[in-house]
Amino acid sequence: AAGAGLAVVGVIGIVLATNHRAERLVQATADGFLNETAAAGLQLQHVRLDGASPQSSPDILRAAALPKGAPLLALDLDAARRRIEQVGWVKDAHVIRLFPDSVVIAVDERKLLAVWQHDGRAGVIDAGGVVAPEANPARFASLPLVVGEGANVAAQAILGLVMSRPRLTERLEALVRVDGRRWDLRLKDGTIVQLPAADEEAALIKLDQLDQQSRILDLGFSRIDLRDPEMVAVRPRQSPTVSGANGAG
């Protein structure tokens with residue numbers, strides 16, 4: 001132990017006495033070795049990305065920051081993985097060296113669920129309500145729109161019920177969270193379908209039955225109130241007031 005201690009002290013003394021030339025010598029030797037392996041063909045030429053959508057691929061490759069032509073053995077793949085997992089699209093990632101000249105990036109993407117609008121801002125959320133910051137909401141017009149405080153967290157449960165009903169879905173404009181307890185379904189024709197705070201599925205089944213019997217979704221009501229499990233209340237749309245019928249012109 002004493003001998004080892006003296007040896008360590010001696011090495012430290014040499015490094016200090018030579019103004020860190022020993023460290024630079026070791027680094028230069030390592031750099032030379034890596035350059036030789038690159039010259040022999042072990043240099044990055046191809047990056048293969050698996051599991052990524054076309055929308056997310058540019059962000060992931062940018063975060064990976066793996067320069068073409070770099071010595072394959074010099075790449076810090078763990079650091080690249082950590083950078084990739086900071087991308088909002090990505091749930092987790094694996095980065096693998098593939099000799100002689102490739103790196104494979106395999107990602108598990110977050111499933112994008114809806115566009116969430118709140119406080120004048122919009123973002124694309126996953127099933128857990130987490131916003132993917134790189135996702136531009138304008139490019140996801142095909143996703144349903146959920147509106148209001150807490151709508152991002154509560155969206156997954158209600159969307160499963162609503163989106164399984166084609167006649168309702170094709171008329172749907174947005175799902176609006178009300179008081180953090182329940183949903184209003186805003187239809188494209190201006191109709192508001194008010195759902196209860198509990199047992200939304202039973203209310204939607206009742207709506208299905210009414211739609212089969214009387215095509216209630218096509219009747220242009222102002223409101224269809226399903227909050228009371230014992231009854232359904234509807235409010236007709238008011239006709240616009242005609243003014244100036246006798247006026248000139």
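Since this is a predicted model, take the numbers as computed values, not measurements.
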Note to self: Check this for me, if you would: do Arg167 and Asp218 make a salt bridge, where the nitrogen-to-carboxylate-oxygen distance has to be below 4.0 angstrom?
What the structure shows: yes
Notebook entry, point to check: Tell me, do Leu172 and Lys188 make a side-chain contact under 4.5 Å, heavy atoms counted?
Noted result: no
Next item on the list: Taking only Lys NZ, Arg NE, NH1 and NH2, and the carboxylate oxygens of Asp or Glu, determine whether Asp208 and Arg165 approach each other closer than 4.0 Å.
Entry: yes
Check: Are Val176 and Val162 in one and the same hydrophobic cluster, where Ile, Leu, Val, Met, Phe, Trp and Tyr link if side-chain heavy atoms are under 4.5 Å apart?
Finding: no
Item checked: Closest non-hydrogen atom pair, Phe221 against Arg237 -> O-NH2, 3.2 Å
Next item on the list: I would like to know whether Leu159 and Leu113 meet side chain to side chain contact (heavy atoms under 4.5 Å, CB included); could you show each step before the answer?
Entry: CA-CA 9 Å; Leu159 284 174; Leu113 183 71; 3.7 Å; yes
Check: Just by distance, do the side chain of Asp211 and the backbone of Ile216 share a donor-acceptor pair under 3.5 Å?
Finding: yes
Note to self: Using 0.5 Å steps for rounding, measure from the CE atom of Met163 to the CG atom of Leu175.
What the structure shows: 8.0 Å
Margin query: Using 0.5 Å steps for rounding, measure from the CG atom of Leu185 to the CG atom of Leu168.
Written below: 6.0 Å
Checklist line | Worked verdict on Leu143 versus Val124 for side chain to side chain contact (heavy atoms under 4.5 Å, CB included) | finding: CA-CA 9 Å; Leu143 290 179; Val124 184; 3.9 Å; yes
Margin query: Could you report the tightest heavy-atom contact between Leu44 and Pro67, atom names first, then the distance?
Written below: CD2-O, 3.5 Å
Notebook entry, point to check: Do Val232 and Leu226 have side-chain heavy atoms sitting under 4.5 Å apart?
Noted result: yes
Checklist line | Note: Arg223-Asp225 ion pair, threshold 4.0 Å (strictly below) | finding: no
Notebook entry, point to check: At what distance, to the nearest 0.5 angstrom, does CD of Gln55 lie from CG of Asn136?
Noted result: 10.5 Å
Item checked: Spatial distance of atom CG (Leu112) from atom CZ (Phe140) [nearest 0.5 Å] -> 5.5 Å
Item checked: Donor-acceptor under 3.5 Å (Asp126 side chain, Gly128 main chain) -> yes
Next item on the list: Decide side chain to side chain contact (heavy atoms under 4.5 Å, CB included) for Asp101 and Leu42; before the verdict, give the C-alpha distance in whole Å, the side-chain angles of both, and the deciding distance to 0.1 Å.
Entry: CA-CA 6 Å; Asp101 60 1; Leu42 298 181; over 6 Å; no
Check: Any ion pair linking Arg186 and Asp184 (charged N to carboxylate O, less than 4.0 Å)?
Finding: no
Checklist line | Student check: side-chain heavy atoms of Gln43 and Pro71 closer than 4.5 Å | finding: no
Notebook entry, point to check: Which heavy atom of Asp189 sits nearest a heavy atom of Gly220, and at what distance?
Noted result: OD2-CA, 4.0 Å
Next item on the list: Measure the OG-CZ distance between Ser53 and Arg110 for me, rounded to the nearest 0.5 Å.
Entry: 13.0 Å
Next item on the list: Please examine the side chains of Glu85 and Asp92, heavy atoms only from C-beta on, and report whether any two atoms are closer than 4.5 Å.
Entry: yes
Check: Would you say the side-chain atoms of Asp108 pair up with the backbone N or O of Lys91, donor to acceptor, closer than 3.5 Å?
Finding: no
Margin query: I want to check something: taking the side chain as every heavy atom from C-beta on, are Asp50 and Val107 in contact at a cut-off of under 4.5 Å?
Written below: no
Check: So, is the end of the Arg177 side chain (NZ or CZ) under 6.0 Å from the ring centre of Trp183 and within 45° of the ring's axis?
Finding: yes
Check: Given side chains that start at C-beta, do those of Arg227 and Arg182 come closer than 4.5 Å, heavy atoms only?
Finding: yes
Next item on the list: Count the heavy atoms belonging to other residues, nucleotides or ligands that lie under 6.0 Å from CD of Glu201, then report whether that count exceeds 12.
Entry: no
Margin query: Under a plain distance cut-off of 3.5 Å, with no hydrogens placed, do Arg171 and Thr191 share a side-chain donor-acceptor pair?
Written below: no
Checklist line | Shared hydrophobic cluster, Leu98 / Ile84 (ILVMFWY, side-chain heavy atoms < 4.5 Å) | finding: no
Next item on the list: Could you state whether Trp116 and Val178 fall into the same hydrophobic cluster, counting links through intermediate Ile, Leu, Val, Met, Phe, Trp or Tyr residues with side-chain heavy atoms under 4.5 angstrom apart?
Entry: no
Note to self: Show, in sequence, the C-alpha distance, side-chain angles and deciding distance for Arg97 and Leu77, and conclude whether the side chain to side chain contact (heavy atoms under 4.5 Å, CB included) test is met.
What the structure shows: CA-CA 8 Å; Arg97 217 181 317 258; Leu77 300 189; 3.8 Å; yes
Margin query: Measuring from atom CD1 of Ile96 to atom CZ of Arg48, what distance do you get when rounded to the nearest 0.5 angstrom?
Written below: 8.5 Å
Checklist line | Nearest atoms (heavy-atom pairs only) where Val87 meets Glu134 | finding: CA-OE2, 3.7 Å
Item checked: Smallest separation among heavy atoms of Gly129 and Asn152, with atom names -> O-ND2, 3.1 Å
Next item on the list: Inspect the surroundings of CZ in Arg215 and state if more than 12 heavy atoms from other residues, nucleotides or ligands are less than 6.0 Å away.
Entry: yes
Next item on the list: Using the rule that two of Ile, Leu, Val, Met, Phe, Trp, Tyr join whenever any of their side-chain heavy atoms come within less than 4.5 Å, decide whether Ile205 and Leu207 are in one cluster.
Entry: no
Check: Quick one: do Leu195 and Leu187 end up in the same hydrophobic cluster if we chain Ile, Leu, Val, Met, Phe, Trp and Tyr together by side-chain heavy atoms under 4.5 Å apart?
Finding: yes
Check: Where do Gly88 and Ala132 come nearest, in terms of heavy atoms and distance?
Finding: O-CB, 3.9 Å
